[in-house]
Protein chains: 2
Amino acid sequence: MKRATQNDVARLAGVSRATVSYVLNGRNDGTIRVSDETRKKIVEVMHEIGYRVNMNARGLKTNKSQLIAILVPDLGNPFYPLLIRGAQKQAHSCGYRLLISDSFSSEEGEREFMETALDRSTDGLILDSSYLERTDIKMLLDAGIPSVGIGPRLADSGIDTISIDQRAAIRSLLDHLEYRGHSRIAHLSGDRNNLNGKIRYEVFLQEMKSRGLCVDERYILEGTFLREGIAAKTEKWLASFAPQERPTAIFAANDLMAIEAIKAIQKIGLRIPGDVAVCGFDNIPEAEYVEPPLTSIGFDVESMGKAAAKLLIDRIEGESYDKPQAIGLTFELFARKST
Amino acid sequence: MKRATQNDVARLAGVSRATVSYVLNGRNDGTIRVSDETRKKIVEVMHEIGYRVNMNARGLKTNKSQLIAILVPDLGNPFYPLLIRGAQKQAHSCGYRLLISDSFSSEEGEREFMETALDRSTDGLILDSSYLERTDIKMLLDAGIPSVGIGPRLADSGIDTISIDQRAAIRSLLDHLEYRGHSRIAHLSGDRNNLNGKIRYEVFLQEMKSRGLCVDERYILEGTFLREGIAAKTEKWLASFAPQERPTAIFAANDLMAIEAIKAIQKIGLRIPGDVAVCGFDNIPEAEYVEPPLTSIGFDVESMGKAAAKLLIDRIEGESYDKPQAIGLTFELFARKST
DNA sequence: CTGAAAGCGCTAACAT
DNA sequence: ATGTTAGCGCTTTCAG
């Protein structure tokens with residue numbers, strides 16, 4: 001059985017197709033233009049025959065899709081599902097749906113995403129990208145597709161961004177460690193080709209220096225933000241230190257790696273936080289459950305997703321294009337047993 | 001600047017629109033019908049002017065969308081992002097995109113999802129639903145939208161389902177315990193109003209009986225699948241046994257509860273696995289981190305997502321509609337120190 | 001091997 | 001307050 005169309009509704013209600021469309025969308029001039037009686041009749045028929053609008057047809061006509069596409073680098077990182085959740089709450093309440101893409105941190109994945117976004121007449125994009133350039137953003141803007149960037153990478157390229165103040169966050173983490181008496185603090189970095197990895201690494205160095213704490217080159221262990229291989233790498237790395245020169249604290253660039261580090265430390269028989277304290281970044285749910293619970297920097301990821309979607313929808317539906325904003329989110333230090 | 005259309009391509013290449021469409025889609029009768037020279041010229045022009053197909057227009061014409069919608073109950077549960085990842089890998093490689101919806105385990109969320117799926121001419125659905133009924137499924141099937149259910153709930157309602165073979169899994173867990181010399185085996189059940197809770201409970205009873213092992217009523221402790229309150233409950237329960245009648249092993253219906261049980265057992269001074277062995281179900285990441293590491297049943301969630309998408313796409317693109325399958329996924333027993 | 005043309009369901013300008 | 005109608009970009013039948 002074929003789906004009911006506006007034509008069917010019109011015929012059964014004894015009106016024209018235009019009138020049906022008007023009760024669905026109103027009119028651009030704000031007037032109502034449909035009598036209560038007619039409207040009632042039409043709505044009735046719609047329910048009766050189970051009419052549903054065909055978004056393809058509407059999209060073809062209006063060149064809109066009520067679709068927001070989201071690009072994330074790694075769905076396996078609990079951060080992103082939460083971001084998506086928040087975005088979904090906002091989007092759904094405004095009549096938008098979410099097209100989600102995990103790029104697996106690959107440039108190919110990001111390019112594919114861009115093509116999809118264009119093919120599907122996506123109304124707007126939420127991007128956590130590592131590879132897209134200003135020119136890509138410009139192309140989007142030219143095509144009339146507004147975007148919101150997650151993180152600072154694409155600030156000043158013409159779109160809104162929403163990030164957390166990483167310097168302030170890392171500063172508070174180091175305050176916490178220093179207060180606990182640590183001075184030999186190591187950094188398990190993220191992928192330093194990635195902007196966040198780079199920022200966290202560089203801010204760590206700067207902040208250590210400004211505290212007059214030594215940052216031996218050996219105190220830097222380079223990771224990738226991913227779980228894989230971190231435990232083994234950390235184990236080997238720790239074994240390379242004599243006890244008295246071993247770092248007494250490790251600041252991992254994210255919780256995933258911090259948790260792997262914890263495993264490694266325990267495996268070689270050291271105590272946390274007695275021998276080595278560990279802290280992470282992101283405050284993923286798992287941070288609370290590991291043994292010992294992990295100290296981390298967190299912020300309300302769902303709110304971030306919501307805010308991103310809100311910002312985006314305002315752009316999509318807004319008349320004028322105001323100056324792009326770079327919004328900073330406040331963070332929170334979750335001090336737990338691992339330090 | 002407006003987007004290029006097939007018309008533009010045709011004009012610039014000096015051919016008709018039909019020919020452009022043919023090089024894009026071939027012809028239904030399988031013939032080629034476009035000379036190599038013409039084809040080359042057309043492809044060239046497409047690149048030159050950056051032509052991209054308009055999915056709305058194509059969808060309107062074909063009543064397809066190359067869109068797969070996925071319904072999950074809780075993106076905060078690490079299981080689902082992995083499932084989605086797997087599904088995405090498969091879907092993208094076949095030219096489909098993913099429309100994702102978190103229902104927050106609410107009926108309203110599931111209903112909203114169904115409407116979206118219809119409005120958007122979704123080609124197929126992957127459903128992890130708690131509320132949808134056979135009538136809903138029937139409606140989808142009537143509308144020509146194939147679906148794949150995650151878990152056994154919608155088996156025999158006309159769609160394919162993909163689940164893990166819980167009976168085989170529990171059997172292997174019991175084999176493992178019996179082999180270790182256990183005969184007084186207790187069950188910390190999940191919520192038995194929940195389908196999984198019920199299945200695990202009933203299969204446990206049946207399998208114990210078929211082994212000739214006694215299942216004293218006192219060996220069943222009812223939980224809810226959630227962490228909350230399990231530790232205290234377990235502690236109290238264990239204290240009610242004289243040492244010689246105490247179960248020597250506990251099979252918890254999920255890892256979350258197993259981990260709480262471990263805490264309780266250790267708290268009252270019993271040894272794991274010496275005095276009481278513990279095993280769980282799900283193999284969540286945390287299972288690896290607790291002390292002692294938890295024996296559990298796990299399976300490859302990404303593969304499950306991949307398999308679901310593959311099954312679905314086969315249905316979407318398949319000619320005939322074969323009998324629905326209920327696929328069981330193979331599991332893996334992760335034997336760790338807790339047993 | 002290629003072209004002409006109908007029409008998918010909808011919106012919105014214009015006419016009544 | 002309601003109706004008429006063009007046309008969005010595409011696929012596909014039919015006719016060269």
Side-chain angles (χ1 to χ4, degrees), chain A residues 1-43 45-46 49-66 118-121 123 143-144, chain B residues 1-43 45-46 49-66 118-121 123 143-144:
Chain A
M1 195 187 63
K2 277 202 55 46
R3 243 170 81 184
T5 72
Q6 281 190 4
N7 232 325
D8 301 329
V9 177
R11 196 165 22 79
L12 262 47
V15 298
S16 80
R17 288 153 57 210
T19 310
V20 177
S21 178
Y22 290 149
V23 351
L24 245 31
N25 311 312
R27 286 181 61 121
N28 51 0
D29 57 5
T31 58
I32 308 288
R33 301 272 211 156
V34 181
S35 71
D36 276 359
E37 202 177 352
T38 313
R39 174 187 305 277
K40 201 169 141 244
K41 175 74 184 162
I42 289 175
V43 170
V45 172
M46 279 180 175
I49 65 178
Y51 168 78
R52 306 246 83 221
V53 64
N54 179 326
M55 294 303 280
N56 276 329
R58 174 179 287 176
L60 174 58
K61 185 69 187 173
T62 61
N63 202 27
K64 297 236 157 303
S65 59
Q66 300 290 111
L118 292 173
D119 290 355
R120 307 236 169 219
S121 318
D123 293 343
Chain B
M1 193 188 64
K2 276 202 59 44
R3 242 170 81 185
T5 73
Q6 281 190 4
N7 233 327
D8 301 329
V9 177
R11 196 166 22 79
L12 262 47
V15 299
S16 81
R17 288 151 60 212
T19 309
V20 177
S21 179
Y22 289 150
V23 351
L24 243 32
N25 311 311
R27 288 180 60 124
N28 50 0
D29 57 8
T31 58
I32 307 289
R33 304 270 212 156
V34 180
S35 70
D36 276 357
E37 201 177 352
T38 312
R39 173 186 306 276
K40 200 170 144 248
K41 175 76 183 160
I42 290 175
V43 170
V45 172
M46 280 180 176
I49 65 178
Y51 169 78
R52 305 248 80 220
V53 63
N54 179 327
M55 293 304 279
N56 276 328
R58 174 179 287 177
L60 174 58
K61 184 70 187 174
T62 61
N63 204 27
K64 299 236 158 305
S65 59
Q66 300 290 109
L118 291 172
D119 291 355
R120 307 233 169 222
S121 318
D123 293 342

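Every value quoted in this text rests on a predicted model; they were computed, and no experiment measured them. The sequence lines fix the lettering, A, B, ..., with proteins before strands; numbering per chain opens at 1.
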Partners meeting side chain to side chain donor-acceptor pair (under 3.5 Å) with [X] (sequence neighbours left out):
| X | answer |
| --- | --- |
| A:Thr5 | none |
| B:Asn63 | none |
| B:Thr62 | none |
| A:Arg120 | none |

Looking at residues at least two apart in the chain, or sitting in another chain, which of them share a side-chain contact (heavy atoms from CB on, under 4.5 Å) with B:Leu118? B:Met139, B:Ala143, B:Ile145

What residues form a side-chain contact (heavy atoms from CB on, under 4.5 Å) with B:Ala10, not counting sequence neighbours? B:Val15, B:Arg17, B:Val20

Once rounded to the nearest 0.5 Å, what's the spacing between atom CG of A:Asp119 and atom CZ of B:Arg52? 4.0 Å

Below 3.5 Å is the cut-off: list the nitrogen or oxygen pairs between protein and nucleotides 4-6 of chain D, distance only.
none

What's the angle between the local helix axes at either end of the helix from C:dC1-D:dG16 to C:dT16-D:dA1, using five pairs per end and rounding to 10 degrees? 40°

Does the side chain of B:Thr5 get closer than 4.0 angstrom to OP1 or OP2 of D:dG9 through an N or O atom? no

Taking 4.0 Å as the cut-off, does a side-chain nitrogen or oxygen of A:Asn25 come that near to OP1 or OP2 on C:dT11? yes

Would you call A:Ser121 and B:Arg3 a side-chain contact if the rule is heavy atoms closer than 4.5 Å? yes

[X] has an atom [atom1]; how far is it from atom [atom2] of [N], in whole Å?
| X | N | atom1 | atom2 | answer |
| --- | --- | --- | --- | --- |
| B:Asn7 | D:dG7 | CG | P | 13 Å |
| B:Arg11 | C:dT2 | CZ | P | 19 Å |
| A:Asn63 | D:dG9 | CG | P | 8 Å |
| A:Lys64 | C:dT11 | NZ | P | 14 Å |
| A:Leu24 | C:dG9 | CG | P | 15 Å |

Comparing B:Thr38 and A:Arg58 on DNA chain C - which has the more 5′ nearest nucleotide: B:Thr38

With sequence neighbours excluded, what pairs up with B:Arg11 under the salt bridge (charged side-chain N to carboxylate O under 4.0 Å, His left out) test? B:Asp8

